[in-house]
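Being a predicted model, the structure only gives us computed values, none of them experimental. Residue numbers begin at 1 in each chain, while the letters A, B, ... track the order of the sequences.
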Amino acid sequence: MKTDFIPIDYGYFDFQGKNYAKIIGRNQEGKRVCIIDSCPVYLWAILKDNLKQDKINKLIKEIKKIKLDLKGRKTKVEKVELHEKNYLGKKVKAIKIFATNYKDLHDITDKLGMPEIEKRRGYDLGFISHYIIEREITPLCWYEIEGEMLNNSQEFGGIDMALDVDFCIKLETSKKIKEEKKFTPKTLAYDIETDELKIGQGEILMVSLVSENFKKVITWKKSKQKPSWVEYVEDEAELLEKFVEYVREISPDFLVGYFSDGFDLPYLKARAEKHNVKLSLGLDDSQPKFTRGINLKGKINGIVHIDLLKFIKTAYSQYMQSETLSLNEVSKEFLGDTKKDFKLKHSSKIEEKDWEKYYEYNLHDSVLTLKLFEKMWPDLLEFSKIMKEPIFEVSRNGMSKNVESYILHNLEKFNEIPEKKPGYHEISERKQRGKYQGAFVFEPTPGLYENIAMFDFTSSYGSVIVTYNLSKSTFLEKEKENSYNIETEGKKIYFTKKQGFFPEMLKEIIEKRKKYKQELKQNPDVIKKARSNAFKLLANAAYGYQGFFGARYYCEEAAAATAAFARKLIKESIENINKEGYKVIYSDTDSIAFLQNKKTESQVLKFLKKLNSELPGIMELELEGFFKRGLWVTTRAGTSGAKKKYALLGKDDKIKIRGFETVRRDWCGLARQTQNRVIRQILKDGNEKKALENVKEVIKKIKQRKIDKEDLIIKTQLKKPISEYKAISPHVIAARKMKEKEIPVSQGNLIEYYIAETKDKKKLVRDKVKLPNEKGEYNIDYYLNKQILSAVENIFQVFNLNIKEIIEGKKQMTLGDF
DNA sequence: GAAGTGGATATACC
DNA sequence: ACTGGTATATCCACTTC
């Protein structure tokens, strides 16, 4: 049988001791197709240098004899081949050792203790990744496939009968279809509502399901009026059964939730177990399985379960404005829509008339989740295609894992044998290493500046890695002529000039990023945007990857050298810019802000070209922008210019604020808004006097207790369990109070509180903490001094206005002096 | 018991 | 544990006089 096919979900099974990949996907007609395929399974034994042929022959014979007897299952080495390969860029002789089952590779490795063997590699990729590399059936690409249709066949123990698919095909040939064809997946979003937040502790009151042209809330809690999209069941057990029934009926490619790995799916499973209901969601009727470990991952056979929260964290959060990644805030930012207004209560306290509201709330959460998925779909798709890993993995992996996936799937071009994962011991050693020196940050002189230009290096660290060939495989233990070298920690280190595979891959990543960015500019669409962004994220993460203790290609020297070269380059650029007659006022890591000093924009651009012609390798500066005004302030101590804190007014009148309290979520709203207004007035009109008047107004209001308590709430994240805090800060007190009142609090929550007046003269701030709904009056002194004045003081200091003295009505010394 | 200092903590920047 | 280092600011914890 012949058909086209797009792989979506990857799984595998054992049959008669052998591994088979089981890939679920669709064809162009939307029929669900499962292909079953096998691939050679092997690992590498890298031989010691200069081994004589007869020794190798002897070794091969010995390896061929390896037999395993594992838990009653006997297996052996199937075949052995000698190959010329590369390992960390070095030519090596390696023996390819074939086994029947991927799971046996570890045990075979244990038997390869022969002295002729230098290293054993390639046994720890996982079968799916190994299969994708071997057979090149990559996720979400279209294929023309041919194979034997399995129809009530006993070939794989009757697998086709147990699977709910249209065709089950034993793969014979496959050919990638070059042209890009659109694929719109069938998606079902879900969300549950419960009485308790702890997994399985309370009852599931309702579950909502939303797909294209489908919306449903299943519940056993009845209201006066039943909306058409609500379906009543008798009890929780029936709710679970109905849920399974609908998922099976709709049979989506993707089942999507929000924080569903950590909440919805494990909850459903726990409650199903309690009621003895089978949660047979898989296409083979299997129940969801969870990976062990702290971070649960819920997997359903044949249907890709997605927890959107995880993907948003890795792919989007760095660009986002939202203060939390709650469904509500994320929806607001991406969709301009919010959750329905409904105050969650224990079901016993919900009045009959309010249940309808609750249904709507529940339904809308799924609506938002589905819309978010649709918005993120291009990114999920591109991530999966670029990393060549299934969406299930790619949507949950962090960027370091994504970098590693990209590397592993591209090693074959370099004839490279994959490096192994670090072991437990290796990881703890790496973690012990102290920090190496990082980026250079220029200390600004506080002030209000005009006509500022800003340059930055494109993919700065990535470009440094490529330019100076910095990686594990290119690092030289000893000094060598004609190599790149740099001093780090008082010691010179060297890297060969012979291009390594890591820098070469990164070069390609950066080039692709440029290409797609260009294409995007000319002809924008969501796919190009996602593709360009995925390559950008990859390029940016490559540096951190080499310094990350969990990386296969960990190389502390490469990471330290990257930072060192970057420091050198930016300092040289700063010098060159100053030499040209500009004045650099600020720089952080890869960006340089300088005064135009009456030169025109075209002069600046011409100079940029000249700078670029002189930069080494693929290093390149680009124009970040021209700015009308810019503000830099002192640190609180007032002794120096504050780094990582500035505000710019663009040519387009857009204001860019970095580091100021305005952008920090752990300051109260009033302080943030007040500071924001001050910054805006100063940048836009250059009028600090008016800004001062404004602040005076705010202060007056505070003193008159006219400020809304809402604007005084301070939010701080609880980053660990309450009991683990050594220093009991205000937000820990607030969290303790919440616990006392039986308001659920857990690690990761944003704790809200305000500082109140207290009768007794207690000194510590924490003694004045009250929860938002706790009765009390706000502490005038605290908000005046610690929030408002702290936020605006050093801004006015730039204009020699001592706001504290002005407010307190003292003689305006500094002002008078001028 | 006030003042000073270092540590713990959270958050932001790139 | 799930990329890296640099930096600011606050408040607590502790020491010192």
Side-chain angles (χ1 to χ4, degrees), chain A residues 293-295 297 310 313-314 318 323 396-404 421-422 424 427-428 430-431 433-444 456-457 459-462 465 537-551 553-556 558-560 562-564 566-567 570 586-592 624 633-637 640-646 656-667 671 714-720 724-733 750-751 755 763-769 782 785-787 790-791 793-794:
Chain A
I294 321 160
N295 289 321
K297 297 177 187 178
K310 285 194 176 158
K313 252 188 211 162
T314 46
Q318 59 167 312
E323 277 165 21
R396 287 170 173 81
N397 290 341
M399 276 319 288
S400 71
K401 200 75 197 293
N402 286 331
V403 171
E404 196 154 279
K421 283 186 202 158
Y424 180 79
I427 287 183
S428 37
R430 291 176 182 183
K431 276 204 266 185
R433 156 184 76 72
K435 281 187 173 180
Y436 57 83
Q437 197 184 346
F440 166 71
V441 188
F442 186 100
E443 190 190 311
D456 58 23
F457 281 107
S459 297
S460 168
Y461 280 18
I465 292 171
L537 288 174
L538 261 185
N540 287 343
Y543 154 71
Y545 172 81
Q546 296 202 100
F548 168 51
F549 55 79
Y553 293 99
Y554 173 81
C555 184
E556 181 197 333
T562 308
R567 284 195 302 272
I570 200 142
Y586 186 62
S587 164
D588 184 351
T589 314
D590 61 354
S591 67
I592 306 172
E624 221 283 314
V633 298
T634 65
T635 59
R636 174 123 302 274
S640 53
K643 298 170 177 180
K644 299 190 183 286
K645 228 177 177 185
Y646 60 89
K656 185 166 150 175
I657 298 179
R658 293 287 121 99
F660 275 110
E661 284 73 8
T662 304
V663 299
R664 293 182 61 97
R665 69 172 181 193
D666 57 348
W667 282 69
I714 297 164
K715 300 175 191 171
T716 313
Q717 194 184 22
L718 196 68
K719 299 200 96 171
K720 49 189 177 185
E724 280 176 27
Y725 279 89
K726 283 185 204 158
I728 310 304
S729 42
H731 79 294
V732 180
I733 293 291
L750 208 55
I751 308 293
I755 304 303
K763 289 226 174 72
L764 296 179
V765 178
R766 68 168 171 217
D767 296 321
K768 298 170 190 155
V769 166
Y782 177 82
N785 288 307
K786 298 290 176 179
Q787 293 275 329
S790 283
E793 206 178 357
N794 29 24

Looking only at the side chain of [X] (C-beta and beyond, no hydrogens), which of the listed nucleotides [options] gets closest?
X: A:R636; options: C:dA13, C:dC2, C:dA9; result: C:dA9
X: A:K786; options: C:dG5, C:dC11, B:dC13; result: C:dC11
X: A:L750; options: C:dC11, B:dT11, C:dT10; result: B:dT11
X: A:T589; options: B:dC14, B:dA10, C:dG5; result: B:dC14
X: A:Q437; options: C:dA9, C:dT6, C:dA1; result: C:dT6
X: A:K644; options: B:dC13, C:dC2, C:dA9; result: B:dC13
X: A:T635; options: C:dT8, B:dA12, C:dA7; result: C:dT8
X: A:K719; options: C:dT3, C:dC11, B:dT11; result: B:dT11
X: A:I728; options: B:dA10, C:dA13, C:dG5; result: C:dA13
X: A:K643; options: B:dT9, C:dA7, C:dA9; result: C:dA7

OP1, OP2 of [N] versus side-chain N and O of [X]: anything below 4.0 Å?
X: A:H731; N: B:dA10; result: yes
X: A:K313; N: C:dC2; result: no
X: A:S729; N: C:dT10; result: no
X: A:Y586; N: B:dC13; result: no
X: A:R658; N: C:dT8; result: no
X: A:R766; N: C:dA13; result: yes
X: A:K720; N: B:dA10; result: no
X: A:S400; N: C:dT3; result: yes

**OP:** Please determine if A:E724 and A:K719 form a salt bridge, counting it only when a charged side-chain N lies under 4.0 Å from a carboxylate O.
**Re:** no

Subject >> Salt-bridge contact A:K644-A:D588 (side-chain N to carboxylate O under 4.0 Å) >> reply: yes

Original post:
Roughly how far, to the nearest 0.5 Å, is the OG atom of A:S591 from the CZ atom of A:R658?
Top reply: 10.0 Å

Subject >> CG on A:L718 to OH on A:Y725, rounded to 0.5 Å >> reply: 4.0 Å

Students often get this wrong, so: under 4.0 angstrom with heavy atoms, is [X] touching a base, only sugar-phosphate, or nothing?
X: A:Y424; answer: nothing
X: A:G544; answer: base
X: A:G550; answer: nothing
X: A:Q546; answer: nothing
X: A:K726; answer: sugar-phosphate
X: A:Y646; answer: sugar-phosphate

Could you give the [atom1]-to-[atom2] distance, from [X] to [N], as a whole number of Å?
X: A:R665; N: B:dA12; atom1: CZ; atom2: C1'; result: 11 Å
X: A:Y725; N: C:dC12; atom1: OH; atom2: C1'; result: 14 Å
X: A:F549; N: C:dT3; atom1: CZ; atom2: C1'; result: 9 Å
X: A:E724; N: B:dT9; atom1: CD; atom2: P; result: 10 Å
X: A:E793; N: C:dT10; atom1: CD; atom2: C1'; result: 14 Å
X: A:N540; N: B:dC13; atom1: CG; atom2: P; result: 16 Å
X: A:W667; N: C:dA9; atom1: CH2; atom2: C1'; result: 7 Å

Original post:
Can we call the ring centroids of A:Y646 and A:Y586 under 6.0 Å apart?
Top reply: yes

**OP:** Check the pair A:E624, A:K656 against salt bridge (Lys or Arg N to Asp or Glu O under 4.0 Å), reporting the backbone distance first and the verdict last.
**Re:** CA-CA 12 Å; A:E624 221 283 314; A:K656 185 166 150 175; 2.8 Å; yes

Subject >> From A:K645, A:K786, A:R636, residue fulfilling salt bridge (Lys or Arg N to Asp or Glu O under 4.0 Å) relative to A:E661 >> reply: A:K645

**OP:** For A:N295 and for A:L764, find the nucleotide of DNA chain C with the closest heavy atom, then tell me which residue's nucleotide is more 5'.
**Re:** A:N295

